[in-house]
Amino acid sequence: MKKKRWIIFAVFMVMLLGTAARVYATAKQITAKDLKNLNDSSTMAKVSEILVKDMEKSKDVNAKEIRSITATYGEIDGKDNDNVVIVGNYGSNCALVGVYQKANGVYVFLDDIGVFFDVEGVNTVNLKNLGRDAVFIKEYAQQIGGAFERTTFLRGYLWAEDGFKLIYSMAEQVNADWNKYSDNGEDGVESQWNRVIQTSKTKLENGNYPAIKAQRNQFYLKSSDTEAKNIPADSTFHEVAKKEVSESYYWSDKWEKFIICEKVDKTTGEKVAVIEDWGNLPYSIVQDYEIYSSKVRIVRKDGTTDIVQGETLSEVRDRKNTIEGV
């Protein structure tokens, strides 16, 4: 009789622990209610913990330092699933972006898009030719290298079975300041502060052959303050040069991204995709940087990118269907 009671007790404990495990598992999953209540501190903490764990960033990011979290919906995986892009901003130039799909009433991790400096906005846009949504992210970055640069990038991503692929990436808004003579090591040399500004308006022309059209205004300015060691007042800058740029990026099924055009590498004879023309970058209107304006960024068949001189590429010539002289 005692042995029978122990068996019943053991079975009861197994059931109890199993139920507790299921409750715990449910508590660690993202629900539709959670996504509607992201301003609640406890909900934000819960989703942040899941996001950091799913993206395997626990060693780099403290989930408790979450500052804000957003959710943007779309049909991203191409399977008519309810998907959501979750962005967690952690300050110190760190934002995590992960994508989840709805399954059995909860949202489970699909894949991560990546780690960004600061995400200003997310938009899911249906590419009609593909029948699914691309994810476009506006990323704001402050970088100090040769210049104090504040840039907003527009980056596009598309889901494939082996992860998210970058399909578009260009600087939209640029504001950069640098002192031409700050690194020469000479005392008493006058400062020469320069500034480059770019503003952009970008739109997607959707349909069977999608295209991204960008209109950019670029300005080069110099400061009259020759003594400033730090960035001078805006009122001291005057315009030296300006340029308007129109750019078009066309969707390519072959390259699975938006490209400017296709060219042929004269050295290898292989076709490459041109994805960035340095002659249209804002620094191209600065006299000292003109030597870079003949370069382009390309993608090769193996997916690697490279920066080459434009003159090393030639136009694509389609083979003729006729034999010469016949």
Side-chain angles (χ1 to χ4, degrees), residues 120-121 136-156 167-183 191-205 210-226 228 231-251 257-263 272-299 305-315:
E120 290 188 335
F136 284 88
I137 296 174
K138 280 192 173 183
E139 178 188 22
Y140 176 75
Q142 295 189 56
Q143 303 174 76
I144 300 177
F148 301 93
E149 186 172 302
R150 289 83 69 198
T151 308
T152 299
F153 297 93
L154 179 61
R155 309 193 196 276
I167 60 172
Y168 178 84
S169 180
M170 284 299 298
E172 292 283 287
Q173 318 302 327
V174 178
N175 195 315
D177 298 282
W178 71 98
N179 187 344
K180 182 177 180 180
Y181 299 123
S182 62
D183 298 324
S191 295
Q192 184 178 312
W193 281 96
N194 299 267
R195 173 173 291 176
V196 162
I197 298 173
Q198 174 178 279
T199 60
S200 301
K201 291 184 178 180
T202 304
K203 66 176 182 178
L204 171 69
E205 294 183 354
I212 295 175
K213 301 294 182 71
Q215 296 290 330
R216 311 194 195 282
N217 292 298
Q218 301 168 345
F219 306 90
Y220 170 44
L221 306 94
K222 285 185 178 181
S223 173
S224 59
D225 189 338
T226 59
I231 300 174
D234 291 344
S235 59
T236 68
F237 284 90
H238 61 276
E239 186 179 294
V240 177
K242 64 179 180 180
K243 184 170 68 171
E244 292 184 3
V245 174
S246 297
E247 291 188 299
S248 297
Y249 305 82
Y250 303 95
W251 175 259
K257 62 175 67 257
F258 287 95
I259 68 172
I260 296 174
C261 62
E262 193 175 68
K263 296 271 189 177
V272 299
V274 178
I275 58 173
E276 186 178 58
D277 183 348
W278 281 25
N280 289 332
L281 296 181
Y283 290 101
S284 66
I285 59 176
V286 180
Q287 184 176 358
D288 297 340
Y289 291 84
E290 290 176 342
I291 58 174
Y292 299 103
S293 60
S294 59
K295 295 179 180 290
V296 295
R297 187 186 299 274
I298 62 171
V299 177
T305 60
D306 201 358
I307 298 169
V308 300
Q309 290 288 347
E311 62 187 21
T312 65
L313 307 176
S314 63
E315 300 295 329

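Computed over heavy atoms, backbone and side chain alike; hydrogens, waters and symmetry mates excluded.
Tyr168 has its ring centre no less than 6.0 Å from the ring centre of Trp251. Annotation: Tyr249 is not in aromatic contact with Phe258 [ring centroid separation under 6.0 Å not met].
No side-chain N or O of Ser246 forms a donor-acceptor pair with one of Lys213 less than 3.5 Å apart. Between the side chains of Ser223 and Thr236, at least one donor-acceptor pair of N or O atoms lies under 3.5 Å.
A salt bridge links Arg216 with Glu247: the distance from a Lys NZ or Arg NE/NH1/NH2 to an Asp or Glu carboxylate oxygen falls below 4.0 Å.
Side-chain contact between Thr226 and Gln192 is absent, with no heavy-atom pair separated by less than 4.5 Å.
Partners of Ala141 by side-chain contact (heavy atoms from CB on, under 4.5 Å), not counting sequence neighbours, listed by chain and number: Phe117, Gln143, Phe153.
In this structure, Arg155 and Glu139 approach most closely via the heavy-atom pair NE-OE1, 2.8 Å. Across all non-hydrogen atoms, the minimal contact from Val296 to Gly310 is CG2-CA, 4.4 Å.
In this structure, NZ in Lys257 is found 9.5 Å from CD1 in Ile259, a value given to the nearest 0.5 Å.
Within 6.0 Å of the CD atom in Gln287, the count of heavy atoms belonging to other residues, nucleotides or ligands does not exceed 12.
The closest donor-acceptor contact from the side chain of His238 to the backbone of Lys222 lies under 3.5 Å.
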